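This one's a predicted model, so the numbers in the text were calculated from it and none came from an experiment. So that the names make sense, note that chain A is the first sequence line, chain B the second, and so on, each numbered from 1. All values below were derived from every heavy atom in this structure, side-chain atoms included, with hydrogens, water molecules and symmetry-related copies excluded.
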Amino acid sequence: MTRYWLMKSEPTSYSIDDLKQDGFTLWDGVRNYQARNYMRDEMAVGDLALFYHSNAFPSGVAGICRICKVGIPDLTALDPNSPYYDKRATKAKPIWCTVEVEYVEKFPYFVPLYEIRESSEFDGLVLLEKGSRLSIIPVDSTHFEGIRDLGHHSSPSYSEGNW
DNA sequence: GCCAACGTTGGC
DNA sequence: GCCAACGTTGGC
């Protein structure tokens, strides 16, 4: 069964346009146990994820990617020169793991966070919970499809291709 | 840049 | 195991 996720990235470091250009990317650098556990224990190949731009102007969902490989050790934890270096990590026990995702689509219409907030359709979405900082978030299929619909249809302040 | 909310660390 | 201090996230 396909599951649905939301994955946050700061577009200044890696955006949906970067993923579109690369085709696929390793989602490494996650250093939160709950997010790691989702990736390690619950993500499966074929799962779909909303690609979320955080710390953006505005923040919101930019498109969709698909999980194409799971159970990958995050080797950036072993690299002293990496910002994601973790001195406790070893080759035998890298501690952190990651997944590979592939580009599916960039939405014709960017879906800003404030727009998601406005609709009662998205009540219960973990992203909207106060203080929710988790970078990997499970999303139910209804919410996933609702956001995808918004991304495919006109929204008040964003025109096609102009964001 | 501000600040609220959270997660992690480390002394005890 | 408690909890204060600290660092980070992320919206604004």
Side-chain angles (χ1 to χ4, degrees), chain A residues 3-20 22 25-43 47-65 67 70-101 103 106-107 109-140 143-144 146-151 155-159 162-163:
Chain A
R3 291 192 60 175
Y4 300 96
W5 305 93
L6 180 145
M7 300 170 83
K8 294 181 185 174
S9 181
E10 301 201 13
T12 50
S13 60
Y14 199 86
S15 74
I16 190 76
D17 289 322
D18 295 319
L19 181 61
K20 183 175 186 177
D22 296 345
T25 194
L26 207 53
W27 207 271
D28 54 13
V30 172
R31 293 293 177 270
N32 171 284
Y33 286 104
Q34 196 177 349
R36 179 204 66 178
N37 293 348
Y38 279 135
M39 288 199 292
R40 188 187 60 187
D41 305 332
E42 300 193 35
M43 272 190 183
D47 285 0
L48 295 172
L50 300 167
F51 193 114
Y52 182 84
H53 283 180
S54 63
N55 273 314
F57 309 100
S59 296
V61 179
I64 293 174
C65 59
I67 313 306
V70 298
I72 308 165
D74 186 346
L75 300 180
T76 60
L78 302 177
D79 177 5
N81 296 317
S82 167
Y84 306 118
Y85 177 64
D86 184 339
K87 62 179 188 297
R88 303 166 304 161
T90 64
K91 268 188 181 171
K93 286 194 175 181
I95 302 178
W96 303 104
C97 67
T98 182
V99 299
E100 189 175 77
V101 304
Y103 174 77
K106 175 182 176 178
F107 287 152
Y109 302 95
F110 182 80
V111 183
L113 179 60
Y114 64 74
E115 191 182 340
I116 299 171
R117 242 189 213 121
E118 276 170 6
S119 170
S120 60
E121 181 189 353
F122 299 110
D123 287 355
L125 184 64
V126 176
L127 176 70
L128 302 183
E129 282 173 12
K130 191 175 179 184
S132 170
R133 302 187 323 178
L134 205 54
S135 62
I136 311 264
I137 294 173
V139 176
D140 68 40
H143 290 157
F144 180 90
I147 290 173
R148 182 167 55 190
D149 285 347
L150 289 176
S155 78
S157 37
Y158 292 86
S159 56
N162 185 30
W163 56 273

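- Listed by chain and number, the residues in a ring-ring contact (aromatic ring centres under 6.0 Å, His included) with Tyr103(A) amount to none (sequence neighbours excluded).
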Could I get a table of every N or O pair under 3.5 Å where one atom is in the protein and the other is in nucleotides 3-7 of chain C?
none

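- Shown here are the side-chain hydrogen bond (donor to acceptor under 3.5 Å, both in side chains) partners of Thr76(A), two or more places apart in sequence or in another chain: Arg31(A), Asp74(A).
- Looking only at distances, a side-chain donor or acceptor of His53(A) sits under 3.5 Å from a matching main-chain atom of Ile16(A).
- Each of Arg31(A) and Lys130(A) has a nearest nucleotide on DNA chain B; the 5'-most of these lies closest to Lys130(A).
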What are the atom names and distances for every N/O pair under 3.5 Å that joins the protein to nucleotides 9-11 of chain B?
none

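- Using a 4.0 Å heavy-atom cutoff across all strands shown, Arg117(A) reaches sugar-phosphate atoms only and no base atom.
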Side-chain polar contacts of residues 78-92 of chain A - donor-acceptor pairs under 3.5 angstrom, sequence neighbours left out - could you list them?
from: Asp79(A); atom 1: OD1; to: Asn81(A); atom 2: N; distance (Å): 2.8
from: Ser82(A); atom 1: OG; to: Tyr84(A); atom 2: N; distance (Å): 2.9
from: Asp86(A); atom 1: OD1; to: Arg88(A); atom 2: N; distance (Å): 3.0
from: Asp86(A); atom 1: OD1; to: Arg88(A); atom 2: NE; distance (Å): 3.0
from: Asp86(A); atom 1: OD2; to: Arg88(A); atom 2: NE; distance (Å): 3.4
from: Asp86(A); atom 1: OD2; to: Arg88(A); atom 2: NH2; distance (Å): 2.7
from: Asp86(A); atom 1: OD2; to: Trp96(A); atom 2: NE1; distance (Å): 2.8
from: Arg88(A); atom 1: NH1; to: Tyr33(A); atom 2: OH; distance (Å): 3.2
from: Arg88(A); atom 1: NH2; to: Tyr33(A); atom 2: OH; distance (Å): 3.2
from: Thr90(A); atom 1: OG1; to: Lys93(A); atom 2: N; distance (Å): 2.9

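- Where Asn32(A) and Asn55(A) meet DNA chain B, the nucleotide closest to each residue was compared, and Asn55(A) sits on the side nearer the 5' end.
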Please list, one pair per line, the donor and acceptor atoms closer than 3.5 Å that link side chains of residues 118-139 of chain A to other protein atoms, with sequence neighbours excluded.
from: Ser119(A); atom 1: OG; to: Glu121(A); atom 2: N; distance (Å): 3.0
from: Ser132(A); atom 1: OG; to: Val126(A); atom 2: O; distance (Å): 3.2

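- Residues satisfying the ring-ring contact (aromatic ring centres under 6.0 Å, His included) criterion with Tyr52(A), sequence neighbours excluded, are absent altogether.
- Partners of Asp22(A) according to the side-chain contact (heavy atoms from CB on, under 4.5 Å) rule, which considers only residues two or more places apart in sequence or in another chain, are Tyr14(A).
- For Tyr38(A), the ring-ring contact (aromatic ring centres under 6.0 Å, His included) partners two or more places apart in sequence, or in a different chain, are Trp5(A).
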